[in-house]
There are 2 protein chains.
Amino acid sequence: MRREALLDAAEELLDEQGAQGLTLAAVAERAGVSKGGLLYHFASKQSLISGMIERLIAEFDALVEAQRQDTYTKAYLDATIAAITAGRLKRWAVVTGASGDPHLLAPLREAMERWHSQGIGAELDPEASRVVRLACGGLWEIAAHCPGVSTDHDALRRRLLALL
Amino acid sequence: MRREALLDAAEELLDEQGAQGLTLAAVAERAGVSKGGLLYHFASKQSLISGMIERLIAEFDALVEAQRQDTYTKAYLDATIAAITAGRLKRWAVVTGASGDPHLLAPLREAMERWHSQGIGAELDPEASRVVRLACGGLWEIAAHCPGVSTDHDALRRRLLALL
DNA sequence: GCGACTATACCGGCCGGACGGTTAAGTGGC
DNA sequence: GCCACTTAACCGTCCGGCCGGTATAGTCGC
């Protein structure tokens, strides 16, 4: 699908060059399409960015679903680790793309609220669940910004599961 | 100091309107200065952003120092909570400003690596320390993006301290 | 089975505005 | 009268988006 290729190109550009690398011309060129072709699939730069955000949310939700754990928190933890180690789902890169206009982040905010609150009452220890989910947020941050901080994901995962 | 006022103005604009609201003209106007006056203090937009980042790091380091806890992790936790509840130190807003050019984030990355690794070997339980520091990252994220998720900071703080 | 017509996908040149940065000319404190 | 500081006008570039055009494929009447 051309549309997916364009979203991929945009994501890569954001990851490599930051928000100012995300120009319509650059995205089109990387995807092997003309600018007009890009505008055909995404009527504006905003809609391109929204497309990235929505895909990001959908992919992560699918990843959580695929974990088949017995609680949402455990599934969320495993999905986070899976996404980070796979290098896919560059949450941070996509966010930088939307940093120009806070409006564009609204869907992501909504999703994040869900990720932090969904099923938290049904957990054995809701407070511990909150801690684990917060730690997942920290993991994202580290993965995005600090390649220098080595993290033993296996050990960390065991430790967090022990909390639940 | 005019310089500080300019940094304040830039921070406020980022917080309210995102990266594309951060133009030299807008910053100058909000600070009650002309564009030339802004350029006198900061030779370029880059140096303005770098100024924000360096101030942010220095302020947070000072806040950690001021906590006077017996371990770095505890001080870091309390500083994080203090910064969030005070509404100061808009870490995220400043980061969005630098999202255009990944280069500008280098000092912040360095600081974050420090925040996550400093004195971690000297802690009673380094692994628990790591968890607490990661959770602090999650707290930042929540505070920046999800006003809807209510967090009982007191309870959370007790819980995290109990881990250490 | 052929001509008229439409839909989908894509092209690329152009323009207008916005924005970062420059400069020349002040202004006031000391 | 110098120097830190401020100002307003100006310039060049870059980028988002518009628009007229092309090509391929499908549809329908007849």
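A, B, ... follow the sequence lines: proteins, then strands. Residue 1 opens every chain. Bear in mind the structure is a predicted one, so any value in this text is a computation, not a measurement.
- Atom pair Leu39(A):CG and dT8(C):P shows a separation of 18 Å (rounding to whole Å applied).
- DNA chain D lies under 4.0 Å from at least one heavy atom of each of the following residues of residues 17-26 of chain A: Leu22(A), Thr23(A), Leu24(A).
- Between Asp154(A) and Arg158(A) the shortest side-chain heavy-atom distance falls below 4.5 Å.
- For the pair Glu29(A) CD and dC10(C) P, the computed distance is 17 Å after rounding to whole Å.
- At least one side-chain heavy atom of Leu77(A) sits under 4.5 Å from a side-chain heavy atom of Ile81(A).
- A donor and an acceptor atom, one from each side chain of Gln69(A) and Asp78(A), are located under 3.5 Å apart.
- Phe42(B) places its CZ atom 20 Å from the P atom of dC19(C), with the value rounded to the nearest Å.
- Residue-to-nucleotide proximity on DNA chain C shows that, of Tyr40(A) and Gly36(A), the 5′-proximal contact is made by Tyr40(A).
- Contacts of residues 3-10 of chain B with DNA chain C (heavy atom under 4.0 Å): none.
- Atom CD1 of Ile57(A) and atom CZ of Arg55(A) lie 12.5 Å apart (nearest 0.5 Å).
- Residues Leu163(B) and Arg159(B) fail the side-chain proximity criterion, which asks for heavy atoms closer than 4.5 Å.
- A straight line from NZ of Lys45(B) to C1' of dC19(C) spans 8 Å, rounded to a whole angstrom.
- Side-chain contact of Thr96(B) with Ser99(A): a donor-acceptor pair under 3.5 Å is absent, judged by distance alone.
- Within the 4.5 Å cutoff, no side-chain heavy atoms of Glu141(B) are placed close to those of Glu141(A).
- Under the 4.5 Å side-chain criterion, counting only non-hydrogen atoms from C-beta, Asp8(A) is not in contact with Arg3(A).
- Among Leu164(B), Asp125(B), Leu160(B), Leu161(B), the single residue meeting the side chain to side chain contact (heavy atoms under 4.5 Å, CB included) criterion with Thr73(B) is Leu164(B).
- For Lys35(A) and His41(A), each mapped to the nucleotide of DNA chain C holding its nearest heavy atom, the one lying further toward the 5' end belongs to His41(A).
- Taken to the nearest 0.5 Å, the CG atom of Leu104(A) stands 10.0 Å off from the CZ atom of Arg109(A).
- Reading DNA chain D from its 5' end, the first and the last nucleotide to sit under 4.0 Å from a heavy atom of chain B are dA4(D) to dA8(D).
- Using a 30° and 60° split on the angle between ring planes, Phe60(B) and Trp115(B) fall in the perpendicular class, above 60°.
- Between Arg2(A) and the phosphate of dA9(C), there is no side-chain N or O to OP1/OP2 separation shorter than 4.0 Å.
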